[in-house]
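Throughout, protein chains are lettered first and strands after them, A, B, ... in sequence-line order, and every chain is numbered starting at 1.
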Amino acid sequence: MGEIMDVRYPVKGLYVWFPFGFDVRKRTYAIIRELLDKDHKEALFPLLIPETEFMKEAEHIKGFENEVYWVTHGGKNELDVKLALRPTSETAIYPMYKVWVRSHADLPIKIYQIVNTFRYETKHTRPLIRLREITSFKEAHTVHATWEEAAKQVEEATRIYQEFYRRLAIPTIVSKRPDWDKFPGADYTMAVDTLMPDNKTLQIGTAHHLGSNFAKTFDIKYEDLNGEQQYAHQTCYGISERSIAALISIHGDDKGLVFPPEVAPIQVVVIPILFGKSEEILKACSDVADKLKDKGMRVVLDDSDERPGAKYYKWEMKGVPLRVEIGPRDLKNNAVTIVRRDSASKETAPLDNIIEEIQKRFEDIRENLFVKAKSSLNERIINCGSLEEVKEKISNGIARIPWCGERECGLAMEEAVGAGILGVPEGELGEGAGNCPVCNKETGNMAIMAKTY
RNA sequence: GGGGUCGUAGGGUAGCCUGGUCCAUCCUUCAUGCUUGGGGUGCAUGAGACCUGAGUUCAAAUCUCAGCGACCCCA
């Protein structure tokens, strides 16, 4: 973490991206952009939202009004209409959607933006996870003709997010949030969670079906094929720098950062092993570095005069996926020594074939990181038969337990355990057989519970 | 929401209880030179700090109050 953010900024909940961390952010967000750009357009809406728009949707207001920052003055003059710093952009975007949407031919609209948002968090703030300025909020807002199309888009959103996280080698669980935990103003919320090393889950993506709730308050209507005015149906879905919190925490180890090659600011470090002065070895090292750079790899040649061991620690801490060492022994064999950050394995590879040797390992590393993280997550999903058992084991991971789906039962479960219900996960994880621990009704739904960030 | 602990160089700390011995300790870091070189080389020299404000006092890193900030526990 010390490499990524500077936590010394003198305002609570605001942090500074170091250039190194920003580099990781840039490469991470390039992936989400790549995935979204296939089917979305990127746009940019204002940071300031007039109170008159912000206060239109009752549920939405209830959900956010306690954490809104207000701009009340322009210079010394008090503003007639206060301006909110967006806590999220529905109320900035939807007045424009009202203007933009006229006919069924205008639909669907799929727009995203990557912006900062502000929330006056009263709980403990932490870098990348709970912020007063979310610096990297990727929010998408879509408009559709029908509820069903919007529902499909929510599915598409969670699919995109899972693909995104797979690229980062982060395993995820997708579940439908319980009704009491959905986005304010939504019909329902799908959430993407992952499990952190301390056994708490981190919500790293959400997708909300807004129905026509916002369309009604913001008067977003289209003329259908029959010439009738219809309310539009909407979705929104978001990802933040929590994705980077997960990236760092899940792969990192006691030696420091570990990055999948795709997002690593430095992918290869070349370290010469010198005895006395050796032009020959330095030359071989810079040749290798140049060769890799020509292939577009991000390479550093560390020819500083620290001892090799000191360099190893330094670059390991920075999460460089591969280290290439060249010493007299290697040179004699026309070879290099390649050390992997993810597995610490030390291998000898032929110098002539260096590019392929490196590329092959990049792919292995991403795969290995994902497999490792996935099995670590799976090992910490604990099947439980009773609430007592959940309570006992919840600090060891994610508890899986039957739940009838009723609100009263769910709230009672959360109360009894002192942890949240994430929801009923998609796929096998959410399917099973048993009895709800509260009402004892038979059910095929398995809920997951966890301590959350 | 409630309770608690804390703030000393870039990072980690000693000193605070019992005010003066402190132009503030040690480790790390950084700079320079020599030395060294397949997992944190050694030596020398040097650089760098008492969160902010008010108060008590002859005297404040140390005591009091407030602000800002950090961390922990409980709901």
Query raised in the report: Would A/E347 and A/R361 pass as an ion pair if we require N to O under 4.0 Å?
Result: yes
Requested in this report: Tell me yes or no: between the side chains of A/S243 and A/E241, is some donor less than 3.5 Å from an acceptor?
Outcome: no
Query raised in the report: What integer number of Å spans the C1' atoms of B/U45 and B/G7?
Result: 33 Å
Query - Spacing of the P atoms in B/C22 and B/U28 (rounded, Å) - result: 23 Å
Query raised in the report: Could you write nucleotides 3-12 of chain B as a row of B, S and -, 5' to 3', where a protein heavy atom under 4.0 Å of any base atom gives B, of only sugar-phosphate atoms gives S, and otherwise -?
Result: -------SS-
Query raised in the report: Where the side chain of A/F275 is defined as all heavy atoms beyond and including C-beta, which of B/G38, B/A70, B/G39 is the nearest nucleotide?
Result: B/G38
Query raised in the report: In whole Å, what separates the P atom of B/A14 from that of B/A54?
Result: 29 Å
Query raised in the report: Below 4.0 angstrom, N of the basic side chain to O of the carboxylate: do A/R8 and A/D6 qualify?
Result: yes
Query - Salt bridge A/R366-A/E363, side-chain N to carboxylate O under 4.0 Å - result: yes
Query raised in the report: According to the side chain to side chain donor-acceptor pair (under 3.5 Å) rule, which pairs have a member within residues 193-211 of chain A, sequence neighbours left out?
Result: A/R177-A/D193, A/R177-A/Q203, A/T189-A/H208, A/D198-A/Y453, A/N199-A/R380, A/T206-A/H208
Requested in this report: Mind running a 4.0 Å heavy-atom check of residues 327-338 of chain A against RNA chain B and sending the residues that fall below it, in number order?
Outcome: A/G327, A/P328, A/R329, A/D330, A/T337
Query raised in the report: Are A/Y120 and A/Y69 close enough that their ring centers fall under 6.0 Å?
Result: yes
Query raised in the report: C1' atom, B/C71 versus B/C51: distance in rounded Å?
Result: 16 Å
Query - Passing candidate, side chain to side chain contact (heavy atoms under 4.5 Å, CB included) with A/Y312, options A/D302, A/I271, A/V269 - result: A/I271
Interface polar pairs with nucleotides 29-36 of chain B, N/O, under 3.5 angstrom:
{"unit_1": "B/U36", "atom_1": "O2'", "unit_2": "A/R307", "atom_2": "NH1", "d": "2.9"}

**Report entry** Ion pair A/E3/A/K318, N-O distance below 4.0 Å
**Finding:** yes
Query raised in the report: Do NZ/NE/NH1/NH2 and the carboxylate oxygens of A/D364 and A/K360 come within less than 4.0 Å?
Result: no
Query - P spacing across the pair B/U25 / B/A9, given as an integer number of angstrom - result: 13 Å
Query raised in the report: Would you call A/R33-A/E42 a salt bridge at under 4.0 Å N-O?
Result: yes
Report task. Report yes or no: is the ring centroid of A/Y313 under 5.5 Å from the six-membered base ring centroid of B/G40, with the two planes under 30 degrees? Result -> yes
Query raised in the report: Pairing of RNA chain B as dot-bracket, 5' to 3': ( ) intra-strand, [ ] crossing, | other strand, . unpaired, with Watson-Crick or G-U pairs under 3.5 Å?
Result: (((((((..(((.......[.....)))((((((.......))))))...(((((..]....)))))))))))).
**Report entry** A/R132 vs A/A310, nearer the 5' end of RNA chain B by closest nucleotide
**Finding:** A/A310
Query - Separation of B/U41 P from A/Y312 OH (nearest whole Å) - result: 11 Å
Requested in this report: With heavy atoms under 4.0 Å as the rule, sort A/E415 into base, sugar-phosphate or nothing.
Outcome: nothing
Query - Whole-Å P distance, B/G1 and B/G48 - result: 44 Å
Would you be so kind as to tabulate the donor-acceptor pairs closer than 3.5 Å made by side chains of residues 415-440 of chain A, with sequence neighbours excluded?
{"unit_1": "A/N435", "atom_1": "ND2", "unit_2": "A/N440", "atom_2": "O", "d": "3.1"}

Query raised in the report: For the ring pair A/H141 and A/Y237, is the centre-to-centre distance below 6.0 Å?
Result: no
